[in-house]
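One structure is given below, encoded as structure tokens.
Values in this document were obtained by computation on a predicted structure and should not be read as measured data.
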Amino acid sequence: MTATRRTWWRTGLGVVFTVLMLFPVYWMINVSLTRDQDMRKSPPYWFPVHGTLEGYRAVLEQQGPYLATSLVVGLGTVALTLMIAAPAAYSLAKLRPRGGGVLSFVLLIAQMIPGVIMAMGFYAIYLSTGVLNTVPGLIVADSTLAVPFAVLIFTAFMSGIPEELMQAARVDGAGALRTFWSVVLPVSRNSVITVSLFAFLWAWSDFVFASTLDQGGGHQPITLGIYHYIGNNNQQWNAIMATAVVASIPATVLLVIAQRYVAAGVTAGAVKD
């Protein structure tokens, strides 16, 4: 009986905490379906009694270019992060260059630098080089957040690859680059998916770099597009929340699909028998 009561207590607490964490998501969906004239109703409608799809119509008509830009920036950030982080981690984990420990420490410290400070530095550099308000500039800036994390994840994963695999590749005549491409990278699939997911999510949800480096650009991400509904005297809350709902769909889908790979990529090595 005691064990059963403990189980019910734990289940009840889990349900309560889950409801509390998911309530903002529910409220976002509720507001996205609420009419403008019902926004300031007190008490508010807990359900979209007089629901409307005007917010979603506005998203489909106006936010397409911003969503496309965010997709390009996200995919570009993933590609650039993998191109830099995977070879760097391979070098640190398997080639063990001189000063590798210091470099790993520097990468760890780099993650503690506030994004605002980095954005100001990028602004000064981009202003003088003519890269300000461009998509490539935003991709490079977003990659600076993902690369240190990616190198650490890749290094921890690749360090667990058995030396027997490396030796077998060398016996077959493979050099360092061929070993990386044909052996290490395929074995590191879980870490590749983990790094790609986090890099995409960081770029997709970025606001600091976008507002600092692409405020006046012709191709702005969705995090800036949502602010077109906010004015001094008018806030289209149903359109704002509808944009937030639509923008969260890709991230949600990716998290659901890649969940088991992310868990394996963060906690496990690539041990092969």
Is the closest side-chain heavy-atom distance between [X] and [Y] below 4.5 Å?
X: His219; Y: Pro65; result: no
X: Met241; Y: Ile29; result: no
X: Phe207; Y: Leu224; result: yes
X: Leu33; Y: Asn238; result: no
X: Thr69; Y: Gln220; result: no
X: Asp214; Y: Thr134; result: no
X: Ser196; Y: Leu82; result: yes
X: Leu108; Y: Phe149; result: no

With a 4.5 Å cut-off on side-chain heavy-atom distances among I, L, V, M, F, W and Y, is there a chain of contacts connecting [X] to [Y]?
X: Val16; Y: Met21; value: no
X: Leu197; Y: Val195; value: yes
X: Ile84; Y: Val192; value: no
X: Leu103; Y: Met83; value: no
X: Val72; Y: Ile226; value: no

Rounded distance (nearest 0.5 Å) linking atom [atom1] of [X] with atom [atom2] of [Y]:
X: Leu138; Y: Tyr126; atom1: CG; atom2: OH; answer: 7.5 Å
X: Leu213; Y: Leu132; atom1: CG; atom2: CG; answer: 6.5 Å
X: Ser143; Y: Leu80; atom1: OG; atom2: CG; answer: 3.5 Å
X: Lys94; Y: Ser159; atom1: NZ; atom2: OG; answer: 6.5 Å
X: Ser248; Y: Leu255; atom1: OG; atom2: CG; answer: 10.5 Å
X: Asn30; Y: Trp46; atom1: CG; atom2: CH2; answer: 9.0 Å

Can you name the nearest heavy-atom pair linking [X] to [Y], along with the distance?
X: Ser104; Y: Leu152; result: O-CD2, 4.2 Å
X: Val151; Y: Ala89; result: O-CB, 3.7 Å
X: Ala174; Y: Arg178; result: CB-CG, 3.8 Å
X: Ile161; Y: Leu165; result: CG2-CD1, 3.9 Å
X: Ala199; Y: Ala146; result: CB-CB, 3.8 Å
X: Ala110; Y: Pro148; result: CB-CG, 4.2 Å

Mind telling me whether [Y] and [X] have parallel, tilted or perpendicular rings, with 30° and 60° as the class edges?
X: Trp202; Y: Phe198; answer: tilted
X: Tyr90; Y: Phe180; answer: tilted
X: Trp27; Y: Phe23; answer: parallel
X: Phe47; Y: Tyr26; answer: perpendicular

Does Met118 form a side chain to side chain contact (heavy atoms under 4.5 Å, CB included) with Val208? I'd like the steps, not just the answer. CA-CA 10 Å; Met118 298 177 63; Val208 174; over 6 Å; no
[X] side-chain N/O to [Y] backbone N/O, donor-acceptor pair under 3.5 Å:
X: Ser188; Y: Ser191; result: no
X: Ser91; Y: Pro87; result: no
X: Thr212; Y: Phe209; result: no
X: Thr223; Y: Asp206; result: yes
X: Thr179; Y: Met166; result: no
X: Trp204; Y: Ala247; result: yes

Which pairs with one or both residues in residues 54-67 pass salt bridge (charged side-chain N to carboxylate O under 4.0 Å, His left out), sequence neighbours excluded? Glu54-Arg57
List the steps and the verdict of side chain to side chain contact (heavy atoms under 4.5 Å, CB included) for Leu71 and Phe200. CA-CA 9 Å; Leu71 182 61; Phe200 182 85; 4.1 Å; yes
